[in-house]
Amino acid sequence: MRILAIETSCDETAAAVVEDGIKVLSNVIGTSVDLHAKTGGVVPEVAAREHIRQISPIVDQAMEDAKVGFDQIDAIAVTHAPGLVASLLIGVNTAQALAFIYKKPLIPMHHVSGHIYANFLEREESIRFPIVVLTVSGGHNDLILMKGHHDFQLLGESLDDAAGEAFDKVARLLDIGFPGGPIIAKTAEKGDPKAFKFTQARLAGKDRYSFSFSGLKTAVRNIVQKLENANEKTIADIAASFQFAVADELSDKLVAASREFGAVEAHLAGGVSANQLLRKLTAEKLNGEIPLVFPKKLIYCTDNAAMLASAAYFLIQKRPEVLKTDWRKVEVFSQLALK
Ligand code: KG4
Ligand code: ZN
């Protein structure tokens with residue numbers, strides 16, 4: 001089964017064709033990140049206008065790269081939530097129009113389910129459950145127990161800033177650019193992760209698998225404000241110490257939950273899963289007892305459409321009736337939410 005998927009929830013305009021949820025035939029991503037770098041963050045109006053400009057050529061390119069025509073496409077999947085509403089609408093409307101013209105089933109997907117399924121793209125091994133997945137991106141931080149395909153139990157979530165958002169905000173405080181994740185990682189290479197000691201937010205009971213990074217962000221702001229003259233070494237030390245604090249908290253919780261719930265695999269997904277320190281710390285703490293899985297390519301960590309095609313394929317396998325869903329009925333867009 002071949003699925004064309006469209007993703008426009010934030011500042012990436014993306015389209016992909018994936019076969020049987022695993023084989024990526026094409027994966028085209030256009031981004032307006034350079035425009036947002038000037039403002040130090042995504043401006044929703046600017047992102048939406050860029051989606052309008054890019055969506056048609058990107059869908060055409062995805063079809064061309066996959067070397068398929070619409071007669072070889074079985075369904076169209078699209079991110080319907082969560083995200084910037086004007087950006088989402090452009091993807092959803094495009095997918096609706098294509099589904100209408102080519103008479104294809106339309107499958108609205110939750111963005112985070114896409115990030116979860118990014119780990120199945122190009123997978124060769126068979127899939128076994130339970131899996132504990134940590135999805136960490138700019139907008140979301142979710143710790144999820146996956147008991148089967150599309151059988152998600154939310155164990156914890158971000159109580160304030162998501163990890164990626166914290167990376168972006170700290171990069172702005174340090175005035176080193178946008179998006180913060182890759183820039184902080186690069187800056188941290190020359191820094192000492194032990195130069196500043198940040199304390200983890202104390203969360204217990206029902207919140208023990210949730211995350212809080214706003215205190216950490218404030219701690220960084222206090223340090224930056226007190227700096228007399230910020231030289232390159234101090235900036236690198238702050239970046240390294242901050243990155244270590246985030247990676248330490250994220251990996252602690254993924255590892256603890258994987259042990260508690262008897263996971264056969266621990267998964268990292270979302271933009272922040274591109275972070276090498278996070279991968280290294282998690283692997284060290286898992287100590288070879290539970291295999292660690294992260295996306296096979298860096299472009300599968302950040303927003304892309306191939307991951308949505310995979311999520312849609314496995315949803316269809318589990319609930320074939322979604323193929324018969326009438327996309328004109330508004331309820332379908334809330335029915336398939338992750339939680
Ligand atoms: O998943 P994603 O592309 O978009 C959302 O769904 O939000 O994630 C984007 C986030 C940004 O906040 C970016 O700073 C972060 O992922 N990110 C990273 C790295 N690469 C991207 N964070 C830490 N280390 C990285 N190498
Ligand atoms: Zn995302």
Side-chain angles (χ1 to χ4, degrees), residues 5-14 16 27 29-33 36-37 40-42 44 47 51 78-84 87-88 91 109-119 121 133-142 144 157-158 160-174 176-189 191 193 211 213 216-217 239-240 242-251 267-282 294-295 297-308 310-311 338:
I6 294 176
E7 150 66 39
T8 60
S9 66
C10 191
D11 57 339
E12 267 90 26
T13 315
N27 189 27
I29 306 167
T31 177
S32 53
V33 71
H36 305 298
V42 177
H51 286 309
V78 64
T79 303
H80 77 95
L84 303 172
S87 292
L88 286 165
M109 298 301 302
H110 191 284
H111 182 74
V112 176
S113 77
H115 278 302
I116 293 170
Y117 275 89
N119 275 322
L121 293 171
V133 193
L134 175 65
T135 55
V136 257
S137 60
H140 333 271
N141 234 98
D142 295 305
I144 293 161
E157 62 191 325
S158 170
D160 38 58
D161 292 352
E165 197 178 347
F167 268 95
D168 295 338
K169 287 180 176 167
V170 165
R172 205 176 310 149
L173 283 172
L174 298 176
I176 52 176
F178 176 85
I183 295 173
I184 288 198
K186 183 94 194 97
T187 310
E189 282 170 13
F211 307 88
F213 294 111
L216 174 61
K217 191 187 63 195
F242 163 79
Q243 176 180 238
F244 180 82
V246 175
D248 198 36
E249 177 167 348
L250 292 173
S251 54
H267 286 201
L268 282 171
V272 182
S273 69
N275 190 275
Q276 299 299 329
L277 180 68
L278 174 61
R279 293 176 177 189
K280 183 169 161 275
L281 281 185
T282 314
F294 43 78
K297 291 182 180 162
L298 283 181
I299 49 164
Y300 299 155
C301 295
T302 44
D303 290 348
N304 65 88
M307 65 187 195
L308 270 314
S310 176
L338 184 72

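The structure presented is a predicted model; accordingly, all values stated were derived computationally and were not measured. Each ligand, and each atom within it, is numbered from 1 in the order the structure gives. These values consider heavy atoms only, across backbone and side chains, with no hydrogens, waters or symmetry-generated copies.
- Distances below 4.0 Å separate heavy atoms of His115 from the following atoms of ligand 1: 1 (O), 6 (O).
- At least one heavy atom of Pro182 sits closer than 4.0 Å to an atom of ligand 1.
- Counting protein heavy atoms only, atom 7 (O) of ligand 1 is closest to Gly138 N, 2.8 Å.
- Here the Zn ion (ligand 2) has protein N, O or S atoms under 2.8 Å from it, and they come to 3.
- With atom 12 (O) of ligand 1 as the reference point, the heavy atom nearest to it among Asp168, Val170, Leu278, Ile183 is part of Asp168.
- None of Ile184, Ile183, Val136 except one satisfies the side-chain contact (heavy atoms from CB on, under 4.5 Å) rule with Phe167; the exception is Ile184.
- Within the 3.5 Å criterion, the main-chain N or O of Thr31 finds no donor-acceptor partner in the side chain of Asp11.
- Asp303 contributes no side-chain N or O that, together with a main-chain N or O of Thr8, makes up a donor-acceptor pair within less than 3.5 Å.
- A distance-only check finds no donor-acceptor pair linking the side chain of Ser310 to the backbone of Met307 [under 3.5 Å].
- Residues meeting the ring pair (Phe, Tyr, Trp, His ring centres under 6.0 Å) test with His267, sequence neighbours left out: Phe120.
- In terms of protein heavy-atom proximity, atom 24 (N) of ligand 1 is closest to Asn275 ND2, 3.1 Å.
- Contacts between Thr302 and ligand 1 below 4.0 angstrom, taking non-hydrogen atoms only, involve backbone and side chain alike.
- From the protein, the heavy atom lying nearest to atom 2 (P) of ligand 1 is Asp303 OD1, 3.4 Å.
- Of the heavy atoms in Gln276, none comes closer than 4.0 Å to ligand 1.
- Contact check for Thr187 versus Phe242: no side-chain heavy atoms found under the 4.5 Å cut-off.
- Atoms of ligand 1 found under 4.0 Å from any heavy atom of Gly139, numbered from 1 in the order shown, are 7 (O).
- With Thr79 contributing its side chain and Ala81 its backbone, the two residues share no donor-acceptor pair below 3.5 Å.
- No donor-acceptor pair under 3.5 Å is formed between the side chain of Asp142 and the backbone N or O of Glu157.
- In terms of N/O distances under 3.5 Å, ligand 1 is not approached by Ala185.
- Residue Leu250 holds its CG atom at 5.5 Å from CG of Leu134, rounded to the nearest 0.5 Å.
- Residues satisfying the side chain to side chain donor-acceptor pair (under 3.5 Å) criterion with Asn141, sequence neighbours excluded, are absent altogether.
- Aromatic ring pairs are classed by plane angle as parallel below 30°, tilted from 30° to 60° and perpendicular above 60°; the pair His111 and His115 is perpendicular.
- Summarising the contacts of atom 16 (O) of ligand 1 with Ser273, Ala118, Gly271, the nearest heavy atom is found in Gly271.
- For Lys169, the salt bridge (Lys or Arg N to Asp or Glu O under 4.0 Å) criterion is met by Asp161, Glu165, not counting sequence neighbours.
- Within the listing of ligand 1, atoms 6 (O) sit less than 4.0 angstrom from a heavy atom of His111.
- Annotation: Gly181 places an N or O atom under 3.5 Å from an N or O atom of ligand 1; distance criterion only.
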